[in-house]
Amino acid sequence: MTEIKEIYSAQQINRRVAELGAQISEDYKTLECPVVIGVLKGAFCFLADLVRHIDLPESIQLEFVHLSSYGSATESSGRIQAPYLNLPNISNRHILVVEDIVDSGRTAHFFLEYLKDQFSPASLKLAVLLDKNTNRVVTVKPDYIGFSVGDTFIVGFGFDYAEKHRELPYLGELIRKGSK
Ligand code: IMP
Ligand code: MG
């Protein structure tokens, strides 16, 4: 049995994402045609809201990749899968990666290194909705962070447990009843 305890409401998330959008708009206002890359599936809600709070003189280019390191468990498998990593030529561009969460850091590290290797970006930054910095295995320092969370398992607003709960409008902690 599991239950979900809300930790950030839809309204709190919206307020924080608006702040991040304003900050990104300020930081990118003089940069030529930035590329925003959303990491599926987990970042889909965050990305959709964030880009609507980014207001720049020039339009952004939006791309998607699909990466995963979790199977259906709540522990990182340590192996990164890239079922969809089909990007156009974005060499020497300003790239902003939008991820749901950095946990061990393996997924973000893998993808940031891949982008550096393939495209020598003019700049490369990382925006995450959640930073779970208690479990880092690889050093990753996101440039934009929505909220920092402890060592709990989060579902909702794009985050899943075994492909469930992504559609919830809030962020909640998954509590397994009968466990500690
Ligand atoms: P990392 O490679 O260990 O940093 O893990 C990153 C990926 O693990 C994220 O993109 C998520 O898909 C998943 N993940 C890590 N923590 C959670 C969580 O609390 N809830 C849901 N997914 C998570
Ligand atoms: Mg993910």
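Whatever order the structure lists ligands and atoms in, that order sets their numbers, starting from 1.
- Between F153 and ligand 1, no N or O atom pair is found at a separation short of 3.5 Å.
- Applying the ring pair (Phe, Tyr, Trp, His ring centres under 6.0 Å) test to pairs two or more places apart or on separate chains, those with a residue in residues 1-50 are Y8-F147.
- Scored by the side-chain contact (heavy atoms from CB on, under 4.5 Å) test, E6 finds S9, Y170 as partners (sequence neighbours excluded).
- Of the possible polar contacts, none joining the R16 side chain to the L20 backbone as a donor-acceptor pair under 3.5 Å is found.
- Classification of E163 and K41 as a salt-bridged pair holds, one side-chain N sitting under 4.0 Å from a carboxylate O.
- To the nearest 0.5 angstrom, L112 atom CG is 10.5 Å from T107 atom OG1.
- In summary, the atoms of ligand 1 found under 4.0 Å from a heavy atom of E99, numbered by their order in the structure, are 10 (O).
- When each atom of ligand 1 is checked for a heavy atom of T152 under 4.0 Å away, the hits are 19 (O).
- For the ligand labelled ligand 1, residue V140 lies outside the 4.0 Å heavy-atom shell.
- When the heavy atoms of S104, G42, A43 are ranked by distance to atom 3 (O) of ligand 1, first place goes to S104.
- A distance-only check finds no donor-acceptor pair linking the side chain of N92 to the backbone of P121 [under 3.5 Å].
- Heavy atoms of V155 found under 4.0 angstrom from ligand 1: none, in either backbone or side chain.
- Close contacts of ligand 1 with R106, meaning ligand atoms under 4.0 Å from a residue heavy atom, involve 2 (O), 4 (O).
- For ligand 1, the atoms closer than 4.0 angstrom to any heavy atom of T107 are 1 (P), 2 (O), 5 (O), 6 (C).
- Side-chain contact check for N135 and D151: at least one donor-acceptor pair (N or O, by modelled atom type) lies under 3.5 Å.
- Distances below 4.0 Å separate heavy atoms of D160 from the following atoms of ligand 1: 21 (C).
- Against a heavy-atom cut-off of under 4.0 Å, F159 is close to the following atoms of ligand 1: 20 (N), 21 (C).
- Near K132, the atoms of ligand 1 lying under 4.0 angstrom from a non-hydrogen atom of the residue are 16 (N), 17 (C), 18 (C), 19 (O).
- When V128, L67, I101 are ranked by how near their heavy atoms come to atom 9 (C) of ligand 1, first place goes to I101.
- Residue-level proximity to ligand 1 for D100 is carried by the side chain, the only part with a heavy atom below 4.0 angstrom.
- A donor-acceptor pair is defined here as one N or O able to donate and one able to accept, closer than 3.5 Å; no such pair exists between the side chain of R106 and the backbone of V138.
- Looking at D131 and K141, no side-chain N of the basic residue comes within less than 4.0 Å of a carboxylate O on the acidic one, giving no salt bridge.
- Note: an N/O pair closer than 3.5 Å links G105 and ligand 1 by distance alone.
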